[in-house]
Amino acid sequence: QVQLVESGGGLVQAGDSLRLSCTASGRTFDTYAMGWFRQAPGKERDFVAAIGWSGGTTNYAESVKGRFTISRGNARNTVWLQMNSLKPEDTAVYYCAAGQTVATTWRLYGYWGQGTQVTVSS
């Protein structure tokens, strides 16, 4: 069982940066792949980035490549999403999730946080 809590969202202007954090409870954090997803009002939950259990494998959505970086600190039970050069279209609720593989589909992640709102104004 893993419980996830996101933080770091907020209201920023286009071009600004934010760093989201997701802290997990439990002793098995380092056995899970971790993902970030986002959902804008009226839209599907979209893949953003994912990282393998050791941090050696990462995957990004095309829309965020070169701007976002996912990383993890297993000793701190935390995964981060560094978001640079933010755009208004990045506005969404961002969720972190834990799963067995570095997957791009949300259905393969079994544990979810409550989400954190990111709003980017133009």
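Small disclaimer: the values here were computed from a predicted structure and weren't measured.
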Checking Asn77 against Thr23: is there a side-chain donor and acceptor pair closer than 3.5 Å? no
Could you check whether any side-chain N or O of [X] sits under 3.5 Å from a backbone N or O of [Y], counting only pairs where one atom can act as donor and the other as acceptor?
X: Tyr109; Y: Ala33; result: no
X: Asn74; Y: Trp53; result: yes
X: Ser25; Y: Gln3; result: yes

Would you compute the distance between atom [atom1] of [X] and atom [atom2] of [Y] and round it to the nearest 0.5 angstrom?
X: Ile70; Y: Met34; atom1: CD1; atom2: CE; answer: 7.5 Å
X: Ser71; Y: Arg19; atom1: OG; atom2: CZ; answer: 7.0 Å
X: Asp90; Y: Asp16; atom1: CG; atom2: CG; answer: 11.5 Å
X: Met83; Y: Thr69; atom1: CE; atom2: OG1; answer: 11.0 Å
X: Tyr95; Y: Arg38; atom1: OH; atom2: CZ; answer: 13.5 Å
X: Phe68; Y: Thr58; atom1: CZ; atom2: OG1; answer: 14.5 Å

Do [X] and [Y] sit in one hydrophobic cluster, given that two such residues count as connected whenever their side-chain heavy atoms are within less than 4.5 Å of each other, even indirectly?
X: Val2; Y: Ile51; answer: yes
X: Val79; Y: Tyr60; answer: yes
X: Tyr111; Y: Phe29; answer: yes
X: Tyr94; Y: Leu18; answer: yes
X: Val120; Y: Val64; answer: yes

Distance-minimising heavy-atom pair for [X] and [Y]:
X: Pro88; Y: Ser122; answer: CG-CB, 3.8 Å
X: Ser17; Y: Asn84; answer: OG-OD1, 2.9 Å
X: Leu4; Y: Cys22; answer: CB-SG, 3.9 Å
X: Ala49; Y: Leu81; answer: CB-CD1, 4.1 Å

Check step by step if side chain to side chain contact (heavy atoms under 4.5 Å, CB included) holds for Ser21 and Arg76. CA-CA 11 Å; Ser21 299; Arg76 297 171 63 179; over 6 Å; no
Please test Thr91 against Gln117 for side chain to side chain contact (heavy atoms under 4.5 Å, CB included), starting from the C-alpha separation and ending with a verdict. CA-CA 8 Å; Thr91 295; Gln117 176 70 47; 4.0 Å; yes
Let me see the working for Glu6 and Gln114 under side chain to side chain contact (heavy atoms under 4.5 Å, CB included), right down to the final yes or no. CA-CA 7 Å; Glu6 302 99 332; Gln114 82 289 348; 2.9 Å; yes
Should the ring pair Phe37 and Phe47 be called parallel, tilted or perpendicular, given that the plane angle runs from 0 to 90° and is split at 30 and 60? perpendicular
Verify side chain to side chain contact (heavy atoms under 4.5 Å, CB included) between Arg45 and Trp112, making sure each step is shown before the conclusion. CA-CA 12 Å; Arg45 186 167 297 191; Trp112 291 84; 3.3 Å; yes
